[in-house]
Asks: 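Dropping the structure in here first, questions after.
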There are 2 protein chains.
Amino acid sequence: MVRKTKEDAEITRQRIINAAREVFCTKGVSRTSLDQIATHAGVTRGAVYWHFKNKTELFHAMREQVFLPLFDRMDDTLLANIDPTKPGAIDPLARIEHFLLETINALNEQQETRQTYEIMMSKCEYVDEFATVLQQILHNCSGIAEKYETIYQEAKNLDLLHPNHDPKQLAVDTHLFFTGLLHLWVKDSDGTHFRNQADELIAAHIKFRRK
Amino acid sequence: MVRKTKEDAEITRQRIINAAREVFCTKGVSRTSLDQIATHAGVTRGAVYWHFKNKTELFHAMREQVFLPLFDRMDDTLLANIDPTKPGAIDPLARIEHFLLETINALNEQQETRQTYEIMMSKCEYVDEFATVLQQILHNCSGIAEKYETIYQEAKNLDLLHPNHDPKQLAVDTHLFFTGLLHLWVKDSDGTHFRNQADELIAAHIKFRRK
DNA sequence: TAATATACATTCATGCTTGTATGTATGCAA
DNA sequence: TTGCATACATACAAGCATGAATGTATATTA
């Protein structure tokens, strides 16, 4: 029983990626063997090596599957209605708040996303071939901070902020706040410390900025 | 050449811990073999297995060496002059700012601390025996947040804060801010994004709170 | 000073993982 | 319908890494 159709092969590929995510999440990336992934996906290592060069490329495929569409949606949520002269434009601070809430909401609702974040933040060692991933993350981060800054500037123009609050500093502060929240949200697996009150923390963070 | 004196043995033990930290930091914990650590320390695996049961116990010893004294100093810095009626008591907000600056300063000046943070945050997979470490970190975190809250409450009593700012929310917000800063500080190895402006970010974060 | 515990070094057996090489049956194109 | 490429499964060789077992020379103690 071999040589499936193209669609079957794509399904197999997906099953392997899904299996990798789940085994990575329970055993950690380095302690996961390709045989474990293959078994969990219902195939053998032959299939894995057919679709991916090695564990590293499988890891990248798994990561991109969650993060590439995520970056796409980011712009939509953050920059939507960015023109304040338009009617129906959302309050800038509310837009940032909405974006943060949406991200947390995605973690709550999508197991794929949750597992991938968990792997990236506490089940993966950023050395050698994985070290480049850190640079990518840092790079994306600076992109996010710039978008925050634009919106905070907009808020300042609308006189929504305290007068001595600098948009750039606010942006980085929000970025650091949310970075910390994501890290602790993910690690707070029983939910008693951060998961159950993430929304209020976000609301409070934004409230601090309002005039 | 064997059987050193007790002091020699303690020196050997320290050398092994130091070697472990450095090799962990460059190769990641899971990719580091005990033989690599031993060689880097100028001994053989026999010495490592004499002083430590396995890699996990060596990891814990390395971690405690940096974090246990760090927790001790925390109380000193944060809770010093906590009685606001005393003369010379430092302004509460300045005390939090000072604590955050001191922590960043420790990372800048002590290679041991910097390497250990780097290992804990991006060169270690928190699974199986290491999963408990995450719980410890979470537990220590809640302790820190409580101390922040006490001090913010003190600041509120002194009327240093904006009236609608809640000490508890401010405390968690600061905690998340600093968690994020530490993570990005450590990952920003070339220093262009966070390391070179950490102090200003901290100052701005505290400034946002002042009335 | 003899006996014992210490502080390692050396050796060995074992298992796991990887990468590759090969086998094979089927979909698809000419 | 032949032939080739595809989509895997199976088999093989090699390299670590681990843990335990053993060896050994020296502190330490009685």
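Each chain gets a letter, A, B and so on, in the order the sequences are listed, and its residues count up from 1.
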Asks: Using heavy atoms and a sub-4.0 Å distance, could you list which residues of residues 19-45 of chain A are near DNA chain D? By number, please.
Replies: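 Residues of residues 19-45 of chain A under 4.0 Å from DNA chain D: A/Val43, A/Thr44, A/Arg45.
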
Asks: Quick one: which residue pairs count as a side-chain hydrogen bond (donor to acceptor under 3.5 Å, both in side chains) with a foot in residues 34-56 of chain B, not counting sequence neighbours?
Replies: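 Residue pairs with at least one partner in residues 34-56 of chain B: B/Thr56-B/Glu129.
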
Asks: What is the distance, rounded to the nearest whole Å, between atom NZ of B/Lys55 and atom P of D/dC16?
Replies: 15 Å

Asks: Whole angstroms only, please: what is the CD-P distance between A/Gln14 and D/dA7?
Replies: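 These atoms are roughly 15 Å apart.
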
Asks: Please check this pair: side chain of A/Tyr152 against backbone of A/Lys147, looking for a donor-acceptor N/O pair closer than 3.5 Å.
Replies: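 The answer is no, because no donor-acceptor pair under 3.5 Å joins these two groups.
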
Asks: For B/Gln65, check side chain to side chain donor-acceptor pair (under 3.5 Å) against everything at least two apart and list the hits.
Replies: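 Applying side chain to side chain donor-acceptor pair (under 3.5 Å) to B/Gln65 gives B/Gln14.
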
Asks: How would you list, by chain and number, every residue that makes a side chain to side chain contact (heavy atoms under 4.5 Å, CB included) with B/Gln110, sequence neighbours excluded?
Replies: B/Arg73, B/Ala106, B/Thr113

Asks: Of the nucleotides D/dA7, C/dA7, C/dC8, which has the atom closest to the A/Ala9 side chain?
Replies: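 That would be D/dA7.
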
Asks: D/dA7, OP1 or OP2 - any side-chain N/O from A/Thr12 closer than 4.0 Å?
Replies: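 It does not, given that no N or O in the side chain of A/Thr12 lies less than 4.0 Å from OP1 or OP2 of D/dA7.
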
Asks: Rounded to whole Å, how long is the line connecting atom NZ of B/Lys53 with atom C1' of C/dC8?
Replies: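 Answer to the nearest Å: 20 Å.
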
Asks: Who pairs with A/Asp128 by salt bridge (Lys or Arg N to Asp or Glu O under 4.0 Å), at least two apart in sequence or on another chain?
Replies: B/Arg31

Asks: With a 4.0 Å limit, can you tell me whether B/Trp50 has a side-chain N or O closer than that to the phosphate oxygens OP1/OP2 of C/dC8?
Replies: no

Asks: Whether B/Tyr49 contacts D/dA20 is assessed here as follows: a side-chain N or O lying under 4.0 Å from the phosphate OP1 or OP2. Is that the case?
Replies: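 No, B/Tyr49 has no side-chain N/O under 4.0 Å of OP1/OP2 on D/dA20.
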
Asks: Rounded to whole Å, please give me the gap between CD1 in A/Ile16 and P in D/dA7.
Replies: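 For the pair A/Ile16 CD1 and D/dA7 P, the rounded distance is 12 Å.
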
Asks: Does some side-chain heavy atom of B/Ile104 sit less than 4.5 Å from a side-chain heavy atom of B/Leu182?
Replies: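 Result yes, sub-4.5 Å side-chain heavy-atom pair found.
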
Asks: Can you tell me how far C1' of C/dT18 sits from CZ of A/Phe59, to the nearest Å?
Replies: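 Answer to the nearest Å: 19 Å.
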
Asks: Is there a side-chain polar atom (N or O) of B/His51 under 4.0 Å from OP1 or OP2 of C/dC8?
Replies: yes

Asks: The criterion is salt bridge (Lys or Arg N to Asp or Glu O under 4.0 Å); which residues satisfy it with A/Lys207, sequence neighbours excluded?
Replies: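 A/Lys207: no salt bridge (Lys or Arg N to Asp or Glu O under 4.0 Å) contacts found.
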
Asks: Would you mind reading off the distance between B/Ile11 atom CD1 and C/dC8 atom P, rounded to a whole angstrom?
Replies: 10 Å

Asks: For the pair made of CD in B/Glu10 and P in C/dC8, what is the distance, rounded to whole Å?
Replies: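 So the CD-P distance, B/Glu10 to C/dC8, works out to 10 Å.
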
Asks: Mind calculating the distance between CD (A/Glu57) and P (C/dG19) to the nearest angstrom?
Replies: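 Between P of C/dG19 and CD of A/Glu57: 11 Å.
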
